[in-house]
Amino acid sequence: MPLVNDSPLLMNRDLVLRHLAARRVKPSRLTIFFQDEHNLVLPGGRSVAPGTPAGVIPSMFDPRETYLVRVVNPELYETADIVVEYNVPNIVNLATSGIFPDAILRKIVYAPSLPFAYAAGRDRPIDVLTNFNNVDEPRRAPIVAALTERFPGYRNITGVFDRPGLERLYSSAKVIVNPHQTAHHHAIEEFRVLPALSRGCIVVSEDVPLREKLPYHEFIVWCRYESIVETTAAVLADYDAVFARIHGGPELPRCLAAMTAEFARAMDTALATLPRPGPWARLLDLVRRR
(Lines give C-alpha, C1' and ligand atoms only; values in the text may rest on other atoms or scores of the structure.)
Protein backbone atom coordinates (compact mmCIF):
# COMPACT_ATOMS: atom_id res chain seq x y z
CA MET A 1 0.00 0.00 0.00
CA PRO A 2 2.47 2.67 -1.18
CA LEU A 3 0.09 5.68 -1.26
CA VAL A 4 -1.96 5.91 1.92
CA ASN A 5 -5.05 8.14 2.03
CA ASP A 6 -4.55 8.82 -1.66
CA SER A 7 -7.38 10.61 -3.44
CA PRO A 8 -7.87 12.60 -6.65
CA LEU A 9 -9.31 15.35 -4.42
CA LEU A 10 -5.87 16.07 -2.96
CA MET A 11 -4.65 19.25 -4.56
CA ASN A 12 -0.99 18.51 -3.74
CA ARG A 13 -0.99 14.94 -5.05
CA ASP A 14 0.17 15.68 -8.59
CA LEU A 15 3.09 17.76 -7.33
CA VAL A 16 4.32 14.81 -5.27
CA LEU A 17 3.88 12.23 -8.01
CA ARG A 18 5.55 14.41 -10.62
CA HIS A 19 8.52 14.88 -8.33
CA LEU A 20 8.88 11.17 -7.70
CA ALA A 21 8.66 10.49 -11.42
CA ALA A 22 11.32 13.11 -12.17
CA ARG A 23 13.62 11.45 -9.61
CA ARG A 24 12.77 8.00 -10.98
CA VAL A 25 11.49 6.92 -7.61
CA LYS A 26 8.75 4.33 -7.80
CA PRO A 27 5.93 4.95 -5.29
CA SER A 28 5.74 1.16 -4.84
CA ARG A 29 9.12 1.35 -3.11
CA LEU A 30 7.78 3.72 -0.43
CA THR A 31 4.87 4.21 1.90
CA ILE A 32 3.68 7.79 1.43
CA PHE A 33 0.92 9.03 3.73
CA PHE A 34 -1.09 11.98 2.44
CA GLN A 35 -2.22 13.84 5.56
CA ASP A 36 -5.35 15.92 4.87
CA GLU A 37 -6.87 16.60 8.29
CA HIS A 38 -7.04 19.76 10.40
CA ASN A 39 -4.86 19.41 13.46
CA LEU A 40 -5.30 22.96 14.84
CA VAL A 41 -8.61 22.40 16.62
CA LEU A 42 -9.99 24.15 19.70
CA PRO A 43 -11.36 22.15 22.63
CA GLY A 44 -14.98 21.19 22.06
CA GLY A 45 -14.60 20.68 18.34
CA ARG A 46 -16.23 17.74 16.63
CA SER A 47 -14.19 14.68 15.67
CA VAL A 48 -11.80 15.29 18.56
CA ALA A 49 -10.88 12.07 20.30
CA PRO A 50 -10.81 11.97 24.11
CA GLY A 51 -7.33 12.63 25.41
CA THR A 52 -6.25 14.72 22.42
CA PRO A 53 -3.22 16.63 23.72
CA ALA A 54 -3.07 20.38 23.98
CA GLY A 55 -0.40 22.21 22.04
CA VAL A 56 1.22 25.57 22.66
CA ILE A 57 -0.28 27.65 19.82
CA PRO A 58 -2.69 30.21 21.34
CA SER A 59 -6.25 30.48 20.13
CA MET A 60 -7.09 33.37 17.84
CA PHE A 61 -10.01 34.20 20.11
CA ASP A 62 -8.56 33.75 23.59
CA PRO A 63 -4.79 33.74 24.12
CA ARG A 64 -5.31 31.92 27.42
CA GLU A 65 -6.50 28.88 25.47
CA THR A 66 -4.34 26.80 23.14
CA TYR A 67 -5.16 24.67 20.15
CA LEU A 68 -5.26 20.93 20.52
CA VAL A 69 -2.96 18.79 18.40
CA ARG A 70 -5.50 16.61 16.60
CA VAL A 71 -3.54 13.78 15.02
CA VAL A 72 -5.63 11.44 12.91
CA ASN A 73 -4.09 8.01 12.25
CA PRO A 74 -0.99 8.55 14.40
CA GLU A 75 0.24 5.06 13.55
CA LEU A 76 0.76 6.16 9.95
CA TYR A 77 3.25 8.77 11.09
CA GLU A 78 5.19 5.85 12.56
CA THR A 79 4.97 3.43 9.65
CA ALA A 80 5.08 5.74 6.62
CA ASP A 81 8.37 6.56 4.95
CA ILE A 82 7.16 10.08 4.12
CA VAL A 83 4.21 12.08 5.46
CA VAL A 84 2.94 14.63 2.95
CA GLU A 85 1.36 17.58 4.76
CA TYR A 86 -0.86 20.13 3.04
CA ASN A 87 -0.29 23.19 5.20
CA VAL A 88 2.53 24.68 7.23
CA PRO A 89 0.57 25.61 10.41
CA ASN A 90 -0.28 21.94 10.92
CA ILE A 91 3.45 21.16 10.88
CA VAL A 92 4.25 23.98 13.31
CA ASN A 93 1.53 22.81 15.68
CA LEU A 94 2.98 19.30 15.64
CA ALA A 95 6.61 20.38 15.91
CA THR A 96 6.04 22.71 18.87
CA SER A 97 3.87 20.22 20.77
CA GLY A 98 6.61 17.70 21.44
CA ILE A 99 4.31 14.71 20.88
CA PHE A 100 6.47 13.25 18.11
CA PRO A 101 10.23 12.66 18.17
CA ASP A 102 12.52 14.32 15.63
CA ALA A 103 12.75 11.08 13.65
CA ILE A 104 9.06 11.38 12.77
CA LEU A 105 9.12 15.15 12.24
CA ARG A 106 11.88 14.66 9.66
CA LYS A 107 9.49 12.52 7.62
CA ILE A 108 6.98 15.34 7.21
CA VAL A 109 7.18 17.24 3.93
CA TYR A 110 5.02 20.24 3.11
CA ALA A 111 3.64 19.87 -0.42
CA PRO A 112 1.75 23.02 -1.47
CA SER A 113 -1.56 22.70 -3.27
CA LEU A 114 -0.40 23.88 -6.69
CA PRO A 115 -1.97 21.62 -9.31
CA PHE A 116 -2.14 24.39 -11.93
CA ALA A 117 0.31 26.73 -13.56
CA TYR A 118 -0.05 30.32 -12.38
CA ALA A 119 -2.27 32.50 -14.59
CA ALA A 120 -4.25 35.63 -13.81
CA GLY A 121 -6.41 36.40 -16.85
CA ARG A 122 -9.02 39.10 -16.37
CA ASP A 123 -12.08 37.57 -18.12
CA ARG A 124 -14.00 36.62 -14.97
CA PRO A 125 -17.81 36.44 -15.24
CA ILE A 126 -18.38 35.29 -11.63
CA ASP A 127 -18.07 38.18 -9.20
CA VAL A 128 -18.07 36.13 -6.01
CA LEU A 129 -17.59 32.38 -5.73
CA THR A 130 -17.94 29.73 -3.07
CA ASN A 131 -17.66 26.01 -3.73
CA PHE A 132 -19.26 24.51 -0.64
CA ASN A 133 -20.67 21.03 -1.16
CA ASN A 134 -22.67 21.29 2.05
CA VAL A 135 -24.20 24.73 2.34
CA ASP A 136 -26.22 23.72 5.41
CA GLU A 137 -23.23 23.76 7.74
CA PRO A 138 -24.07 26.20 10.59
CA ARG A 139 -21.26 28.64 9.69
CA ARG A 140 -21.71 28.38 5.94
CA ALA A 141 -25.48 28.78 5.59
CA PRO A 142 -25.50 32.40 6.89
CA ILE A 143 -22.58 33.32 4.61
CA VAL A 144 -24.30 31.81 1.55
CA ALA A 145 -27.55 33.63 2.39
CA ALA A 146 -25.78 36.97 2.94
CA LEU A 147 -23.70 36.70 -0.23
CA THR A 148 -26.78 35.74 -2.25
CA GLU A 149 -28.66 38.78 -0.98
CA ARG A 150 -25.76 41.22 -1.38
CA PHE A 151 -24.15 40.23 -4.70
CA PRO A 152 -26.15 39.42 -7.86
CA GLY A 153 -22.96 37.98 -9.33
CA TYR A 154 -22.49 35.46 -6.51
CA ARG A 155 -22.46 31.73 -7.25
CA ASN A 156 -22.01 28.65 -5.08
CA ILE A 157 -20.88 25.98 -7.51
CA THR A 158 -20.64 22.39 -6.35
CA GLY A 159 -19.79 19.04 -7.87
CA VAL A 160 -16.62 20.17 -9.66
CA PHE A 161 -13.73 17.96 -8.57
CA ASP A 162 -11.73 17.22 -11.71
CA ARG A 163 -8.57 19.23 -12.38
CA PRO A 164 -9.68 20.81 -15.69
CA GLY A 165 -13.06 21.71 -14.21
CA LEU A 166 -11.53 23.31 -11.13
CA GLU A 167 -9.02 25.18 -13.23
CA ARG A 168 -11.80 26.65 -15.37
CA LEU A 169 -13.89 27.47 -12.29
CA TYR A 170 -11.12 29.33 -10.45
CA SER A 171 -10.14 31.11 -13.65
CA SER A 172 -13.71 32.43 -13.97
CA ALA A 173 -14.11 34.10 -10.56
CA LYS A 174 -13.02 37.51 -9.34
CA VAL A 175 -13.32 36.75 -5.62
CA ILE A 176 -13.53 33.44 -3.78
CA VAL A 177 -14.74 33.44 -0.18
CA ASN A 178 -13.33 31.00 2.36
CA PRO A 179 -14.81 30.77 5.89
CA HIS A 180 -13.90 27.92 8.21
CA GLN A 181 -16.37 25.07 8.23
CA THR A 182 -16.63 25.08 12.03
CA ALA A 183 -15.83 27.50 14.83
CA HIS A 184 -13.18 25.11 16.16
CA HIS A 185 -11.21 23.87 13.12
CA HIS A 186 -8.86 26.66 12.09
CA ALA A 187 -6.17 25.19 9.85
CA ILE A 188 -6.02 27.01 6.51
CA GLU A 189 -8.18 25.35 3.85
CA GLU A 190 -5.27 25.27 1.44
CA PHE A 191 -6.86 22.74 -0.92
CA ARG A 192 -9.24 25.56 -1.91
CA VAL A 193 -7.29 28.73 -1.19
CA LEU A 194 -4.01 28.09 -2.98
CA PRO A 195 -5.36 26.64 -6.25
CA ALA A 196 -7.80 29.57 -6.51
CA LEU A 197 -5.04 32.09 -5.81
CA SER A 198 -2.84 30.48 -8.45
CA ARG A 199 -5.52 31.04 -11.10
CA GLY A 200 -5.95 34.75 -10.44
CA CYS A 201 -8.73 34.81 -7.85
CA ILE A 202 -8.70 37.29 -5.02
CA VAL A 203 -9.14 35.14 -1.92
CA VAL A 204 -11.11 36.58 1.00
CA SER A 205 -10.44 34.17 3.83
CA GLU A 206 -11.36 33.97 7.46
CA ASP A 207 -8.24 34.52 9.53
CA VAL A 208 -6.09 31.57 10.61
CA PRO A 209 -3.58 30.94 13.38
CA LEU A 210 0.08 31.13 12.37
CA ARG A 211 -0.82 32.85 9.13
CA GLU A 212 2.62 34.50 9.01
CA LYS A 213 4.01 30.98 8.51
CA LEU A 214 2.17 30.69 5.19
CA PRO A 215 4.61 31.65 2.40
CA TYR A 216 1.77 33.30 0.49
CA HIS A 217 0.01 35.04 3.38
CA GLU A 218 0.61 38.56 2.03
CA PHE A 219 -1.48 37.73 -1.04
CA ILE A 220 -4.66 36.77 0.85
CA VAL A 221 -7.30 39.23 2.08
CA TRP A 222 -7.80 38.20 5.71
CA CYS A 223 -10.76 39.08 7.91
CA ARG A 224 -12.84 37.81 10.78
CA TYR A 225 -15.88 35.66 10.12
CA GLU A 226 -18.24 38.51 11.02
CA SER A 227 -16.62 40.78 8.42
CA ILE A 228 -16.55 38.42 5.43
CA VAL A 229 -19.44 39.99 3.52
CA GLU A 230 -18.33 43.59 4.09
CA THR A 231 -14.74 42.74 3.23
CA THR A 232 -15.91 41.08 0.02
CA ALA A 233 -17.93 44.18 -0.85
CA ALA A 234 -14.89 46.40 -0.25
CA VAL A 235 -12.74 44.19 -2.48
CA LEU A 236 -15.27 44.29 -5.31
CA ALA A 237 -15.65 48.07 -4.97
CA ASP A 238 -11.89 48.47 -5.39
CA TYR A 239 -11.32 45.37 -7.51
CA ASP A 240 -8.80 46.76 -10.00
CA ALA A 241 -6.53 48.09 -7.26
CA VAL A 242 -6.72 44.92 -5.17
CA PHE A 243 -6.13 42.75 -8.23
CA ALA A 244 -3.12 44.85 -9.18
CA ARG A 245 -1.66 44.56 -5.68
CA ILE A 246 -2.00 40.77 -5.60
CA HIS A 247 -1.70 39.71 -9.24
CA GLY A 248 -0.27 42.74 -11.00
CA GLY A 249 3.42 42.15 -10.41
CA PRO A 250 6.00 39.35 -10.31
CA GLU A 251 5.90 38.85 -6.54
CA LEU A 252 3.17 36.19 -6.36
CA PRO A 253 4.49 34.04 -9.24
CA ARG A 254 7.94 34.19 -7.65
CA CYS A 255 6.48 33.17 -4.29
CA LEU A 256 4.68 30.16 -5.78
CA ALA A 257 7.79 29.13 -7.71
CA ALA A 258 9.86 29.37 -4.53
CA MET A 259 7.32 27.19 -2.70
CA THR A 260 7.59 24.54 -5.40
CA ALA A 261 11.39 24.68 -5.26
CA GLU A 262 11.38 24.40 -1.47
CA PHE A 263 9.08 21.37 -1.69
CA ALA A 264 11.51 19.72 -4.11
CA ARG A 265 14.41 20.37 -1.74
CA ALA A 266 12.50 19.05 1.27
CA MET A 267 11.31 15.95 -0.57
CA ASP A 268 14.82 15.21 -1.81
CA THR A 269 16.12 15.54 1.74
CA ALA A 270 13.45 13.15 3.03
CA LEU A 271 14.15 10.66 0.24
CA ALA A 272 17.89 10.80 0.95
CA THR A 273 17.32 9.63 4.53
CA LEU A 274 15.55 6.43 3.46
CA PRO A 275 17.42 3.12 3.49
CA ARG A 276 18.73 2.19 0.08
CA PRO A 277 17.50 -1.10 -1.39
CA GLY A 278 19.89 -4.03 -1.20
CA PRO A 279 21.70 -5.50 -4.22
CA TRP A 280 19.07 -8.17 -4.85
CA ALA A 281 16.32 -5.54 -4.88
CA ARG A 282 18.30 -3.44 -7.37
CA LEU A 283 18.88 -6.47 -9.60
CA LEU A 284 15.18 -7.31 -9.53
CA ASP A 285 14.39 -3.72 -10.47
CA LEU A 286 16.72 -3.92 -13.47
CA VAL A 287 15.05 -7.13 -14.62
CA ARG A 288 11.62 -5.55 -14.31
CA ARG A 289 12.69 -2.57 -16.44
CA ARG A 290 13.56 -4.80 -19.42
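- Closest of all the heavy-atom pairs between Val84 and Ile32 is CG2-CG2, 3.6 Å.
- Taking both residues in full, the closest heavy atoms of Ala146 and Val229 are given as CB-CG2, 3.6 Å, listed atom of the first, atom of the second, then distance.
- Remark: the Arg70 side chain and the Asn39 side chain contain no N/O donor-acceptor pair separated by less than 3.5 Å.
- Residue Glu75 places its CD atom among more than 12 non-hydrogen atoms of other residues, nucleotides or ligands, all under 6.0 Å distant.
- The existence of a salt bridge linking Arg254 and Glu251 is excluded, since no basic side-chain nitrogen approaches an acidic carboxylate oxygen closer than 4.0 Å.
- The shortest distance between side-chain heavy atoms of Leu68 and Pro43 falls below 4.5 Å.
- The side-chain contact (heavy atoms from CB on, under 4.5 Å) check on Asp136 picks up Asn134, with sequence neighbours excluded.
- In this structure Arg13 satisfies the salt bridge (Lys or Arg N to Asp or Glu O under 4.0 Å) test together with Asp6, sequence neighbours excluded.
- Side-chain polar atoms of Tyr86 and Glu37 form no donor-acceptor pair below 3.5 angstrom.
- Evaluation of the side-chain hydrogen bond (donor to acceptor under 3.5 Å, both in side chains) rule for Asn5 yields Asp36 as partners, not counting sequence neighbours.
- Salt-bridge check for Asp207 with Arg224: failed, with every basic side-chain N at 4.0 Å or more from each acidic carboxylate O.
- Between Asp81 and Arg29 there is no salt bridge, since no side-chain nitrogen of the basic residue lies less than 4.0 Å from a carboxylate oxygen of the acidic one.
- Among all heavy-atom pairs drawn from Pro253 and Pro250, the shortest one is CD-O, 3.3 Å.
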Practice problem: Check the pair Gln35, Leu76 against side-chain contact (heavy atoms from CB on, under 4.5 Å), reporting the backbone distance first and the verdict last. | Solution: CA-CA 9 Å; Gln35 201 298 117; Leu76 291 175; over 6 Å; no

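- In this structure, Pro112 and Leu194 approach most closely via the heavy-atom pair CB-CD2, 3.9 Å.
- When each of Glu206, His180, Gln181 is paired with Arg139, the side-chain hydrogen bond (donor to acceptor under 3.5 Å, both in side chains) condition holds for Glu206 and for no other.
- When the shell of 6.0 Å around CG of Asp123 is examined, it contains 12 or fewer heavy atoms from other residues, nucleotides or ligands.
- Residues Asn90 and Tyr110 have side chains that never bring a donor and an acceptor to within less than 3.5 angstrom of each other.
- Side-chain atoms of Asn156 and Thr130 form a donor-acceptor pair, as typed in the model, at a separation below 3.5 Å.
- Between Ile246 and Leu252, the shortest heavy-atom contact is O-CB, 3.7 Å.
- No side-chain donor from either of Tyr67 and His185 sits under 3.5 Å from a side-chain acceptor of the other.
- Taken together through direct or relayed side-chain contacts under 4.5 Å among Ile, Leu, Val, Met, Phe, Trp and Tyr, Phe161 and Val193 form parts of separate hydrophobic clusters.
- Between the side chain of Arg124 and the backbone N or O of Gly121 there is at least one donor-acceptor pair closer than 3.5 Å.
- The pair Arg245-Glu218 does not meet the salt-bridge criterion, since no charged nitrogen lies less than 4.0 angstrom from a carboxylate oxygen.
- For the pair Leu271/Thr273, no side-chain contact is recorded, criterion being any heavy-atom separation below 4.5 Å from C-beta on.
- Listed for the Lys107 side chain is a donor-acceptor partner under 3.5 Å among the backbone atoms of Ala80.
- Residue Gly165 comes nearest to Val160 through the heavy atom pair C-CG1, 3.4 Å, listed as atom of the first residue, atom of the second, then distance.
- One finds a salt bridge joining Arg46 and Glu137 here, because a Lys/Arg side-chain nitrogen approaches an Asp/Glu carboxylate oxygen to under 4.0 Å.
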Exercise. Go through the steps to decide whether Asp127 and Arg155 satisfy the test salt bridge (charged side-chain N to carboxylate O under 4.0 Å, His left out), and finish with yes or no.
Key: CA-CA 8 Å; Asp127 286 339; Arg155 300 289 181 271; over 6 Å; no

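- Note that Arg122 lies in the cation-pi zone of Phe243, set by a 6.0 Å cut-off to the ring centre and a 45° limit from the axis.
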